[in-house]
**Student:** 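Sharing a structure, written as C-alpha cells. Questions coming.
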Protein chains: 2
Amino acid sequence: MTSERLHFISGDHDHQRCMKDAITRAEELCLQQGQRFTALRRRVFSLVWRQHKPIGAYEILEELQRDGRAAPPTVYRALDFLLESGLIHRIASLNAYVACLQPEHRHEGQFFICTSCRAFAELDSSLITTAIEQNARESGFEVQRHTIEIMGLCPQCRLLKENA
Amino acid sequence: MTSERLHFISGDHDHQRCMKDAITRAEELCLQQGQRFTALRRRVFSLVWRQHKPIGAYEILEELQRDGRAAPPTVYRALDFLLESGLIHRIASLNAYVACLQPEHRHEGQFFICTSCRAFAELDSSLITTAIEQNARESGFEVQRHTIEIMGLCPQCRLLKENA
DNA sequence: CAGCATTATGTTATATTATAACATAACAGA
DNA sequence: TCTGTTATGTTATAATATAACATAATGCTG
Ligand SMILES: [Zn+2]
Ligand SMILES: [Zn+2]
Ligand SMILES: [Zn+2]
Ligand SMILES: [Zn+2]
C-alpha cells in the first residue's frame, strides 16, 4: 500500500464482486508463488473477506461447521497459510484476522479499527515506519517486525457521534 | 516519558534497589489516587518488575503458588488493577505484562522488545504518535488508543550478532 | 466500639484461543 | 502406478482469560 490515506470500505459497494475479485487475485498470487489455494483455504479466505471486519478463528470455525464437521486445527492451519502468504493479517489486540487489501505487495501494515462498528482500514505508512525506525536507530535497536493497531472511530461513526 | 531515547536496563545495576524504589513510587502513586496498594498487588507488581522483561500471567501465578494456594482470578485481578493504575502495561502480541517505567505520567507508550534476550524498553514518542495522528486525521479517523509493539534486537544483542 | 457498606480476595467452574500428535487423504512427479 | 510430499481430519490438550458466587478485610458512620 503506497497510499497514506485510510480507506474504510463502505457498506454500499458490490461486495459479491469485490470478494470474487479478491479470490481471483489470491489464486493468482498463490499460483505465482507455487502454493496451492485449496478449497478449504479459499473458503476460509472468503470468510475473512466476507465482512471487511476482523473475524475470530472460532467464528470461522462455526461457519465451517455448517458445512459439516470441522475442528480448530483445520481453521488455524488455513489461517497460518493465509498469514504466511500475506493474504491476511492478524490483529493481536483482538485475537482476530483481517483480509489484506494489497497482498501483491508484502508488508506488515498498520491497522486502524473502529471501536464502534469494527470497520478496519490498513496502511503501510512510511511516515509511521520512518518515525519508528528513527527512534530505534538512535538507540541502536534493530527493528525486525512490528504490531501497530490503532483503535478509534472511523469517519462514519465519528460523524454519527458528533450529530448525537 | 518525555525522552525519545530507548533505555534498555542492563544486567549490572543494583536491581534490589531499583525494585524497591519502584515499589515506593507505586505506593505513593496509589496513595495519591486514593487506591490501595495491598500486599497482593505489591507482590504481583514486584514479580512484574523482577526481571525488566515481559512476564506472563501464569508465570506470575506459579510464583504466587510457591507461597500457597492461588488461582488465575487472583493474578488477573491484580494485573487489572496495576494496568488501570498505569503501573504496568500489557503487551498484546506476547500476552504478557511489563512494568511501566514512568507511571507518574499516564501514557500508552510504544514498546521495543528484543527477540533474543526479551529485554524491553518503552517510549512515549511524539514523533511516532504525531505520525499516527496525522495519518488518522487526514482520513477523518479519531484515535482513541493504540497498541505499538516493535520486535527486534536490542543494542547488546545486535552487537553480539555482528561479532558472531 | 458496633454496625454497615465497600472493596478486595478466595474458590470453583468454565470460556476462549491455540497447538501437539498422529492418522488419513489428496496431489504431483517419476 | 508407485512414491514422497503436502494437506486435511481427528482427538486430545495447552495456554490465556473470565464468570459467578462466597468470604474476608477495610474504612466509615454513628
Ligand atoms: Zn495488508
Ligand atoms: Zn465505524
Ligand atoms: Zn509506561
Ligand atoms: Zn537483547
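Chain letters run A, B, ... following the sequence lines, proteins first, then strands; residues in each count from 1. What you see is a predicted model; the values in this text were computed from it and never measured.
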**Student:** Does C/dT11 have OP1 or OP2 under 4.0 Å away from a side-chain N or O of B/Thr74?
**Tutor:** no

**Student:** For residues 49-62 of chain A, which side-chain N or O atoms pair as donor and acceptor with protein atoms under 3.5 Å away, sequence neighbours left out?
**Tutor:**
| unit_1 | atom_1 | unit_2 | atom_2 | d |
| --- | --- | --- | --- | --- |
| A/His52 | NE2 | A/His13 | NE2 | 3.2 |
| A/His52 | NE2 | A/His15 | ND1 | 3.3 |
| A/Lys53 | NZ | A/Cys117 | O | 3.2 |
| A/Glu59 | OE2 | A/Gly56 | N | 2.9 |

**Student:** What dot-bracket string describes DNA chain D from 5' to 3', counting Watson-Crick and G-U wobble pairs whose defining distances are under 3.5 Å, with [ ] for crossing pairs and | for pairs to another strand?
**Tutor:** ||||||||||||||||||||||||||||||

**Student:** Partners of B/Tyr97 by ring-ring contact (aromatic ring centres under 6.0 Å, His included), sequence neighbours excluded?
**Tutor:** none

**Student:** Strictly by ring pair (Phe, Tyr, Trp, His ring centres under 6.0 Å), give each pair with a member in residues 71-91 of chain A just once, sequence neighbours left out.
**Tutor:** A/His89-A/His107, A/His89-A/Phe111

**Student:** Take the protein atom CG of A/Leu61 and the nucleotide atom P of D/dT11, then report the distance between them rounded to whole Å.
**Tutor:** 14 Å

**Student:** Within this structure, what is the CZ-to-C1' distance between B/Arg69 and C/dT12, rounded to whole angstrom?
**Tutor:** 12 Å

**Student:** Check the distance between C/dG10's P and B/Gln65's CD and give it to me in whole angstrom.
**Tutor:** 12 Å

**Student:** Scan residues 142-164 of chain B for pairs that pass ring pair (Phe, Tyr, Trp, His ring centres under 6.0 Å), counting only residues two or more places apart or in two chains.
**Tutor:** none

**Student:** Considering non-hydrogen atoms only, spot the tightest contact between A/Phe120 and A/Val98 and give its length.
**Tutor:** CZ-CB, 3.5 Å

**Student:** Under 3.5 Å, which N/O atoms of the protein pair with N/O atoms of nucleotides 15-22 of chain C?
**Tutor:**
| unit_1 | atom_1 | unit_2 | atom_2 | d |
| --- | --- | --- | --- | --- |
| C/dA18 | OP1 | A/Arg90 | NE | 3.4 |
| C/dA18 | OP1 | A/Arg90 | NH2 | 2.1 |
| C/dA18 | OP2 | A/Tyr76 | OH | 3.0 |
| C/dA18 | OP2 | A/Tyr97 | OH | 3.4 |
| C/dA18 | O5' | A/Tyr76 | OH | 3.4 |
| C/dA18 | N7 | A/Tyr58 | OH | 2.6 |
| C/dA18 | N6 | A/Tyr58 | OH | 3.4 |

**Student:** Could you list the residues that satisfy side-chain hydrogen bond (donor to acceptor under 3.5 Å, both in side chains) with B/Glu104, not counting sequence neighbours?
**Tutor:** B/Arg25

**Student:** Under a 4.0 Å heavy-atom cut-off, which of residues 39-52 of chain A touch DNA chain D?
**Tutor:** A/Leu40, A/Arg41

**Student:** Taking CG from B/Leu64 and C1' from C/dT11, how many angstroms apart are they, rounded to a whole number?
**Tutor:** 15 Å

**Student:** Remaining members of B/Leu31's ILVMFWY cluster at a side-chain heavy-atom cut-off under 4.5 Å?
**Tutor:** none

**Student:** Give me the atom names and distance for the closest heavy-atom approach of A/Ala99 to A/Val48.
**Tutor:** N-CG1, 3.4 Å

**Student:** Taking CD1 from B/Ile55 and P from D/dA15, how many angstroms apart are they, rounded to a whole number?
**Tutor:** 16 Å

**Student:** Can you give me the closest heavy-atom contact between B/Cys114 and B/Cys157, atom names plus distance?
**Tutor:** SG-SG, 3.7 Å

**Student:** Starting from the C-alpha separation in whole Å, work towards a yes-or-no answer on side-chain contact (heavy atoms from CB on, under 4.5 Å) for A/Thr74 and A/Val44.
**Tutor:** CA-CA 10 Å; A/Thr74 297; A/Val44 171; over 6 Å; no

**Student:** Once ring-ring contact (aromatic ring centres under 6.0 Å, His included) is applied, do any residues pair with B/Phe112, and if so which ones, sequence neighbours excluded?
**Tutor:** A/Phe141

**Student:** Could you run down the sub-3.5 Å N/O contacts of the protein with nucleotides 24-28 of chain D?
**Tutor:**
none

**Student:** Residues two or more places apart in sequence or in another chain: which of them pass side-chain hydrogen bond (donor to acceptor under 3.5 Å, both in side chains) with B/Thr129?
**Tutor:** none

**Student:** Say whether, by atom type as modelled, one donor and one acceptor occur between the side chain of A/Gln35 and the main chain of A/Ser85 under 3.5 angstrom.
**Tutor:** no

